[in-house]
Amino acid sequence: MLAEEYKRPEPLWPKKRLGEWFSIAKKGAGGWAFLLHRLTGILLVLYLFLHFYVLSTLSRGANAYDNLTVLMESPFLLLLELGLVAVIVYHGLNGIRLMLLTLNVGVKQQKEMFWVVMAITILTTIIAALFMF
Amino acid sequence: MGKPHVVIIGGGATGAALAHDLTLRGVRVTVVERGEVTSGTTGRHHGLLHSGARYAVKDQESAKECIQENMILRKIAPDTFELNNGLFVAITEEDMAYHSAFIDGLETCGIPYKEITPKEALQREPNLNPAVKAVVEVPDGTMDAMRLPLRFFATAQSNGAIIKTYTEAMELLMSGKTITGVRVRDHVTEKDYDIGADIVINASGAWSDKIAAMAGVHVPLQPSPGVLVAVYGRWNNMVLNRMHRSGDGDIILPQRTLSVIGTSSWVVKDPDQLEMKKEHIQLMYKMGSVLVPGVKHAKMRAAWAAARPLIGSEGEASTGRELSRTFKCFDHADHGGVEGFVTIAGGKATTARGMAEVTTDIVMKKLRMNVPCRTRDVVLLPHTAYYRRRM
Amino acid sequence: MAQRGSLAWLWQAFTGLLLVILLTLHMIANHFMANGLLTYEGIIQHLSNPVVLVLEILFLTSVIFHAMSGIRALILDWGVSKSVDNTVTRVLVVIGVLMLAYGVWLFTVIL
Amino acid sequence: MAEITFKIFRYKPGVIDSPRYDTFKVDVEDYMTVLDVLEKLRLDDPTLTYRHSCHHGSCGTCGMLVNGKEVLACVTNVMELGTPVVTVEPLKNAPLISDLVVDMVPFFEKYGPVEMPLIRESEYLPEGKPSEEVGTYTRLESCLECGLCLSACPMVATDPDYMGPAALAAAARVVQEPRGQDAPAILKMVDNEQGCWRCHSAMECSEVCPNDVDPGGMIMYLRQKLISRKLKGHY
């Protein structure tokens with residue numbers, strides 16, 4: 001074969017990989033913070049719609065709403081609600097962490113800040129659990 | 001296309017400078033390199049922009065080449081070097097005995113220098129061994145061992161040179177006693193193909209004799225590896241050299257955030273079989289800490305070996321230190337009777353441009369072209385220009 | 001029309017911060033001050049306080065903006081073209097406005 | 001010395017079209033790096049392709065995934081990994097040419113336009129007094145242009161048009177020390193959703209950076225600069 005006839009094929013282009021957002025092959029605390037922030041964000045949007053549905057019963061009078069709240073006293077739903085508390089606290093606190101980072105505050109301590117966020121989240125969840133059960 | 005075509009075997013500093021010079025003089029150029037560019041010896045050298053002072057006593061031809069090229073490179077590749085100068089320091093009485101011969105050498109070779117007091121040297125380099133007895137400042141510098149050649153490649157490429165990486169020369173195509181091209185293997189696609197050439201230049205450094213053997217000719221070359229050690233931290237800002245005959249571990253070179261201690265020296269037959277000498281790592285630490293005591297406990301980043309391509313016949317050298325660092329160009333029409341084949345061997349990264357100029361002059365004569373060299377003045381493109389979409 | 005770059009980010013941060021504050025108030029008001037909001041009557045009574053009503057509407061607005069803007073950020077991270085971005089933004093604005101209108105309507109219905 | 005199993009990613013267009021892993025058993029000495037092992041393997045199998053040059057973490061060519069993490073092979077000691085099986089793969093988020101070789105052209109298409117000067121003032125040994133002739137000590141920039149940060153970034157994974165950590169860090173360096181470059185123009189260049197506002201502070205780039213460039217921190221620096229400029233413009 002002569003050089004004129006030879007051509008190396010084009011390199012293989014990678015596809016967009018959504019999995020990287022949710023992959024657990026993380027390199028550091030910041031990666032985990034990102035993953036959790038994204039997951040909790042998505043969960044909260046879903047919850048927002050659910051919350052709208054629950055409140056929509058208000059428009060159908062007292063009975064409809066009160067029937068639903070009785071349902072919500074079930075231990076399973078209470079547990080979900082506890083999860084909700086954890087999700088909200090995490091998303092909120094980490095949101096503050098992200099805001100501080102963007103203002104170039106505590107960038108060197110971002111890992112420690114993540115651990116603080118996690119600690120407060122867990123603590124709040126435990127306190128909430130004591131109130132609920 | 002009426003332009004003559006030259007194929008360069010070897011994508012190191014020499015190949016890069018050659019591609020640049022040849023394209024400037026109106027030749028079509030193809031470079032073939034079996035790995036990534038600068039993956040052989042070029043990338044692995046310690047990154048010293050030589051002032052020539054190291055060779056000023058024993059190897060004055062090489063020293064003169066170095067200082068001349070040093071000054072040219074500063075002009076054509078601005079902002080590629082840490083131009084912090086270098087110090088030659090005498091620490092022992094033995095070093096002091098070398099002092100006058102050293103100064104004489106610098107004078108003879110025309111290397112600018114300045115003697116400074118040990119006190120001033122310690123002010124400039126606080127980590128230097130306080131036992132220092134005499135200090136001479138010379139225009140050494142640090143280069144980026146990969147990015148300087150990349151600037152040559154980038155400029156050559158923008159002038160039409162084709163650089164083929166992962167393409168290994170397997171065979172030299174000959175018609176009688178004349179080279180007509182190269183059969184190469186693309187390691188990406190595992191396909192062999194032929195590149196026709198008016199002239200083939202063997203710029204494969206320590207591998208030169210292996211390539212020359214494909215044409216049945218011989219290059220007197222001694223691959224001479226040395227071990228280098230990189231440690232974390234920048235222990236000095238200037239290049240620090242021991243003021244004595246070149247020996248093991250006599251230089252500490254700052255580079256980015258690291259310091260590189262070099263080097264040892266021995267000779268091998270096959271530059272691919274570079275077994276690391278473990279005891280040399282300890283030796284580098286030991287000798288390096290004579291210059292800068294602090295490096296004794298510095299954390300090691302890497303230790304590696306690189307094969308210098310030194311000109312010399314087998315048996316002539318036992319460590320490689322005896323051999324000159326100068327370069328030589330072999331037109332194989334005169335060395336072995338093969339037409340259309342030129343080998344450039346020896347030399348240093350600092351002198352790559354000069355090696356290319358001499359070689360290209362010979363190639364021009366062979367091609368019956370008469371175009372003068374312009375590489376002394378043409379400012380090189382930035383290294384990032386090397387990475388552009390290829391056609 | 002779409003807010004791009006730093007402005008979108010600043011609004012997201014601003015509403016986020018507002019939500020942290022409002023949600024804290026929301027939780028305190030709803031679960032500690034009031035005797036639980038688990039009955040229809042309780043809610044009516046709670047919302048009859050005009051300060052609570054204003055805060056709740058502010059809360060509603062911020063949460064919808066923050067959520068829609070979050071979804072948009074997620075979609076933009078997918079590396080979509082400007083036209084897709086514009087479409088997505090329009091759709092999200094419509095959804096957001098509808099949700100807000102529905103929320104406000106709910107308040108008017110129950111009061 | 002110990003025997004370590006290496007699982008090495010192989011792909012060659014037209015030869016190995018669906019990537020596979022080749023397994024090699026190698027006797028590893030305690031000083032050996034992943035790059036040393038690759039060099040050893042290539043003696044027997046010259047078709048094994050990978051990028052390398054300086055062998056001490058200064059050129060940035062030998063970036064690859066070792067056990068799933070972005071590293072420079074030349075400064076990654078095999079024994080210190082502590083795993084009996086070592087997996088070696090090419091960097092992510094870059095076009096794959098062959099085996100462990102990725103195409104760096106897209107990287108430099110983002111990075112090059114920033115035109116960060118290669119030489120900066122040396123901040124090492126500030127007590128040292130350079131000679132009058134030299135004036136100030138200089139050193140080569142920290143960024144090795146290795147592409148590890150782009151491979152680790154979850155945003156680059158889904159948005160190939162995102163400038164990415166390396167180019168943004170270079171931009172931040174120009175803003176910090178313009179050295180003749182046009183810093184306001186660079187700030188304007190990064191102030192958009194494909195620039196420093198695409199980042200979600202996962203900080204994976206800073207986690208894998210082999211030379212303490214801290215690209216994540218540099219992006220935060222750019223954002224703070226942009227926000228304070230914007231706020232100043234409003235009053």
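First the proteins, then the strands, lettered A, B, ... as listed; each starts at 1.
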For the residue pair Phe6(D) and Thr23(D), establish whether any side-chain heavy-atom pair is separated by less than 4.5 Å.
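No; the side chains remain at least 4.5 Å from each other.
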
If you compare all heavy atoms of Cys74(D) against all heavy atoms of Cys62(D), which two are closest, and at what distance to 0.1 Å?
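Nearest pair, atom of Cys74(D) first, then Cys62(D): N-SG, 3.3 Å.
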
How about [X] and [Y]: does a side-chain donor come under 3.5 Å of a side-chain acceptor?
| X | Y | answer |
| --- | --- | --- |
| Thr89(C) | Arg72(C) | yes |
| Thr49(D) | Ser98(D) | yes |
| Thr138(D) | Glu121(D) | no |

Applying a heavy-atom distance below 4.5 Å, give me the residues of residues 196-205 of chain D that approach chain C, sorted by number.
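Expected list: Trp197(D), Arg198(D), His200(D).
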
Of all the residues in residues 152-176 of chain D, which have a heavy atom that comes within less than 4.5 Å of a heavy atom in chain C?
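At a heavy-atom separation under 4.5 Å, chain C is reached by Met155(D), Thr158(D), Asp159(D).
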
Does a sphere of radius 6.0 Å around OH in Tyr102(C) hold more than 12 heavy atoms from other residues, nucleotides or ligands, not counting ones at 6.0 Å or beyond?
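Yes, because the 6.0 Å sphere around OH of Tyr102(C) holds more than 12 heavy atoms from other groups.
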
Expected output: side-chain Ser228(D) to main-chain Lys225(D) donor-acceptor under 3.5 Å:
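Side chain of Ser228(D) to backbone of Lys225(D), a donor-acceptor pair under 3.5 Å: yes, one is there.
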
Just to verify, which of Asp99(D), Asp17(D), Thr47(D) counts as forming a side chain to side chain donor-acceptor pair (under 3.5 Å) with Lys12(D)?
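Of the listed residues Asp99(D), Asp17(D), Thr47(D), the side chain to side chain donor-acceptor pair (under 3.5 Å) partner of Lys12(D) is Asp99(D).
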
side-chain hydrogen bond (donor to acceptor under 3.5 Å, both in side chains) evaluation trace for Thr83(D) with Asn67(D)
CA-CA 9 Å; Thr83(D) 52; Asn67(D) 289 346; 3.0 Å; yes

